[in-house]
Amino acid sequence: MRLANVGGRATIVVPGSDDRGVDVAEASGGELGPDPQDVYESWDAFEAFAADLDLTAEAPATFDQADLRAPVPAPRQVFGIGLNYRSHAAESGVDVPAVPATFTKFPASITGPFAEVELPNGTVDWEVELVVVIGRRADRVAAASGWSHVAGLTVGQDLSDRTLQFAAGGQFSLGKSHRGFTPFGPWVVTPDELDDPDDLALGCSIDGETVQDARTADLVFGVSQLVAELSAVVPLLPGDIIFTGTPAGVGFTRQPPRYLQPGETLDSWIEGIGTIRTRFSAPAGAGLVGGEQAGRPDAG
Ligand code: ZN
C-alpha cells in the first residue's frame with residue numbers, strides 16, 4: 001500500500017495509479033486521519049482498516065502532484081545516518097564507523113516531494129537516501145524484529161550545506177536543516193509491496209544527469225539493524241523517520257567539488273517507491289555561514 005499526504009489529508013493511493021486516492025478519514029468514517037501524522041500513531045488500527053478496505057467500493061478522487069506534501073509531516077524525531085555505505089565512506093576518505101554515525105535533521109526543515117528549495121549559499125550538496133518510517137514504538141528491539149516496527153519506506157534527500165556541516169568541528173544537524181533541506185515522499189510504501197525491501201535500487205540526477213546510482217543492499221547498517229542500534233539508546237516513536245545514509249556520488253568529494261545551482265532540478269528515486277523532484281532557487285537572504293568551503297570534510 002502507498003500512503004500519501006494530499007493537501008494535509010492522509011490518502012491511500014489506488015494501486016496502478018499515481019494520481020488517484022481514497023481519503024482515509026472519509027473511508028474510515030472519521031476513525032483515522034485526516035492528519036497523516038495521526039495515522040502513524042494508530043498504525044495497528046490503520047493496518048486493520050486498510051486490510052478490510054475494498055478500494056473498488058470507494059470513489060477515488062484525482063489529485064495533483066503539486067498537492068502532495070511530505071507523507072510524514074511532523075515526526076517527533078528525525079534521525080540521519082552518516083557514512084552508511086562503504087562507497088560513500090571511501091569517497092569521503094574515512095573508515096566505516098563501528099556504530100551508526102547519527103545526527104538529526106530538525107523537523108521544521110521538512111518539505112514536500114515536489115518542492116522548490118532556496119540555496120543559502122554555493123556549497124549545498126545532494127544525498128539521495130532511503131527513509132524509514134516507524135509505525136510501532138521500538139524500545140531495545142533486537143535486529144531480528146526491527147522490520148516489525150517499520151510502517152514503510154519513502155524517498156528522501158538529505159540536502160547538506162557543506163560549509164556549515166563542517167564548521168566549528170562539525171555542525172551536521174544544523175548544516176542539514178536549512179529551510180526545505182528535508183524533502184521526502186512522494187508517499188510511504190509498506191514493505192509488503194516490495195519484493196525485497198532490503199535490496200532496492202536508488203539514485204538521483206541533476207537536470208537529467210545521473211550522479212548517484214546504487215542499491216540499499218550495500219547499506220552497512222541495514223533497516224532492521226538501525227532500528228536495533230538506535231532503539232538501544234532511545235525509543236523510536238510512531239511517526240519517527242530515519243534517513244539511512246547516502247551512497248557514493250555526492251558533490252563535495254569530486255575534483256573539483258560540484259554543488260547545486262539555482263535553476264537546477266534534482267530527481268531522486270528508489271525502485272518500487274517512486275521519484276521526488278526538487279528545484280533550487282537563489283538565496284533570498286544571507287546564510288549563517290557564507291559561501292567559502294570550510295576545509296576538508298570528513299563525513300556526510
Ligand atoms: Zn545523509
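When a ligand or atom number is given, it counts from 1 through the structure's own listing order.
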| query | Do NZ/NE/NH1/NH2 and the carboxylate oxygens of Arg2 and Asp18 come within less than 4.0 Å? | reply | yes
| Can you tell me the N, O or S atom of Glu127 that's nearest the Zn ion (ligand 1)? | OE1
| note | Of all N, O or S atoms in Glu129, the one closest to the Zn ion (ligand 1) is OE2
| Taking only residues two or more places apart in sequence or in another chain, which ones pass side chain to side chain contact (heavy atoms under 4.5 Å, CB included) with Asp54? | Thr56, Ala57
Below 3.5 Å, can you tabulate the donor-acceptor pairs from side chains in residues 147-155 to any protein atom, sequence neighbours excluded?
unit_1	atom_1	unit_2	atom_2	d
Trp147	NE1	Asp198	OD1	3.4
Trp147	NE1	Asp198	OD2	3.2
Ser148	OG	Ser145	O	2.7
His149	ND1	Arg136	O	3.3
His149	ND1	Arg137	O	2.9
Thr154	OG1	Gly185	N	3.4
Thr154	OG1	Gly185	O	2.9
Thr154	OG1	Trp187	O	2.9

| task | Give a yes or no answer on whether the side chain of Asn84 reaches the backbone of Phe221 with a donor-acceptor pair at less than 3.5 Å. | result | yes
| task | Please name the atom of Asp158, restricted to N, O or S, that is closest to the Zn ion (ligand 1). | result | OD2
